[in-house]
Amino acid sequence: MLEVGLRILHRYPMDNHEGYFAQGGISYVLKKNVTKDVVWPTMSFTVHTSDLGFRAPQSGSQHIGERPYYAVLGASDAFGNGLDYDETFVGILADKLKRSNNIDVVNLSIAGQHLMEQSALFKQFASSEKQAPKAVVIIFNPLFIGGYNDNNPNVVVRRGDLYEDENWRFALFKNMLGNTSSIYCFIRDGVRNVQYKYLAHEDFALSFYIKRFSSKHRIHNPEVSQDFLVKLKDLTQYIRSLNAVPIGVYCEPAGGFLLNDLLQKGKLEAGAIDTKFFVDLVQNFCAEEGIQFVNTASVVQERYDKGEKLNFDGDGHYNGPTSQLVGNYLYDVLNPDREAKQK
């Protein structure tokens, strides 16, 4: 009876067993023309992909070439994990640019990807399109930078979802069970919510950000950071060869604001954590190359200082209000009419 009741209430989407990933590129890509309802314990959202295999407001043709367009590269924050497309900061930017400037946005961002994967995907896309983008916005975060040449060699795609190569069979079994049994999902999510509320379960994996922002992270090695900059310059030079404008945007993760807070309160060893390294690395590169650089941290910091939650419960990705704040800010600074209005 519980199974029937949950299905009647549409508590969990059945008949939606395939994910939206596919093997391709130098690691994985998104399937083309897919609609997938995603239900996680503390959030639910819908992913649509276009005929190009990129996240979009709806499936179908994106009609590239009918008007000028921007391309966006990035990872899960730019992809918009946890949010419907129109709630993501890229979706908000896209809506405003289209309504006010008649400019489209093509979002090539894919969750879990890094600089080299996105660079290869963009080059493949650009070489197949007759019209080059007007600008290419690269969304940087510590994962995108620190793992710049990690092409996810241990990740495989099975039934449209991503799994670690060694453990994919058991993980696939659990995923298939979740797609066929509402009772399993109900119990699973109930346990996770209890862990979050009553067992001091982390709001998100702070330990991940401590490792990522560690002064001992390999990206601090001068040879590694220099290699990152060489790869980044290759991408920006390619963008410019298309007569497009590269734009760098640094998006501080929610964990970064908490780390800064803990450092200021003396709860973390200052020398062991460096929260400025990533943003400084990209900002200095953009200054040297004459590339517009945008840091979204200031507007998000205001929200953090007010005690407002930046992310989802149990997940470090920006929630709807934070994403809206970032999307509006990006439009304000990237709007091509901005300079004309200031004169």
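Values in this document were obtained by computation on a predicted structure and should not be read as measured data.
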Look only at the side chain of [X] and the backbone of [Y], and say whether a donor-acceptor pair between them is shorter than 3.5 Å.
| X | Y | value |
| --- | --- | --- |
| S109 | G74 | yes |
| S127 | K123 | yes |
| D274 | K276 | yes |
| K31 | G19 | yes |
| Y69 | Q131 | yes |
| D86 | G91 | no |
| T49 | V34 | yes |
| N149 | F228 | no |
| E308 | T322 | no |
| S119 | L235 | no |

Are I26 and L30 joined in one hydrophobic group, where the rule is that I, L, V, M, F, W and Y side chains link up if heavy atoms are under 4.5 Å apart? no
Between V282 and F278, is there a shared hydrophobic cluster once you connect ILVMFWY residues whose side-chain heavy atoms come closer than 4.5 Å? yes
Quick check on side-chain contact (heavy atoms from CB on, under 4.5 Å): which of L330, L73, I138 does V249 satisfy it with? L330
Could you measure the distance from the [atom1] atom of [X] to the [atom2] atom of [Y]? Nearest 0.5 Å is fine.
| X | Y | atom1 | atom2 | value |
| --- | --- | --- | --- | --- |
| T46 | L83 | OG1 | CG | 11.5 Å |
| N311 | N81 | CG | CG | 13.0 Å |
| L108 | I139 | CG | CD1 | 12.0 Å |
| S59 | D51 | OG | CG | 9.5 Å |
| I110 | Q118 | CD1 | CD | 5.5 Å |
| C286 | L232 | SG | CG | 7.0 Å |

For [X], give me all partners under side-chain contact (heavy atoms from CB on, under 4.5 Å), at least two apart in sequence or on another chain.
| X | value |
| --- | --- |
| T275 | F213, L259, N260, L263, I273 |
| P321 | R303, N319 |
| K231 | L115, M116, Y148, D227 |
| K98 | R67, D104 |

Considering non-hydrogen atoms only, spot the tightest contact between [X] and [Y] and give its length.
| X | Y | answer |
| --- | --- | --- |
| G112 | E117 | O-OE1, 4.1 Å |
| A75 | N141 | CB-ND2, 4.1 Å |
| A254 | G316 | CB-O, 3.6 Å |

Side chains of [X] and [Y] only: does a donor on one sit below 3.5 Å from an acceptor on the other?
| X | Y | value |
| --- | --- | --- |
| T35 | H48 | yes |
| Q301 | D305 | yes |
| Y85 | N107 | no |

With a 4.5 Å limit on heavy-atom distance, are the side chains of [X] and [Y] in contact?
| X | Y | answer |
| --- | --- | --- |
| Y304 | D261 | yes |
| Y238 | L242 | yes |
| I64 | S61 | no |
| T88 | R55 | yes |

Tell me, please, which residues at least two apart from [X] pass ring-ring contact (aromatic ring centres under 6.0 Å, His included).
| X | answer |
| --- | --- |
| F277 | H220 |
| F89 | none |
| F144 | F140 |
| F125 | F54 |

Name each donor-acceptor pair under 3.5 Å that joins a side chain in residues 291-298 to protein atoms two or more places apart or in another chain, with its distance.
from : atom 1 : to   : atom 2 : distance (Å)
Q292 : NE2    : V333 : O      : 3.4
N295 : OD1    : A297 : N      : 3.0
T296 : OG1    : Y250 : O      : 3.3

Has Q124 got more than 12 heavy atoms of other residues, nucleotides or ligands less than 6.0 Å from its CD? no
Results of side-chain hydrogen bond (donor to acceptor under 3.5 Å, both in side chains) for S100 - residues two or more places apart only: Y331
What pairs with E252 under side-chain hydrogen bond (donor to acceptor under 3.5 Å, both in side chains), at least two apart in sequence or on another chain? none
Residue set satisfying salt bridge (charged side-chain N to carboxylate O under 4.0 Å, His left out) with E66, at least two apart, ordered chain then number -> none
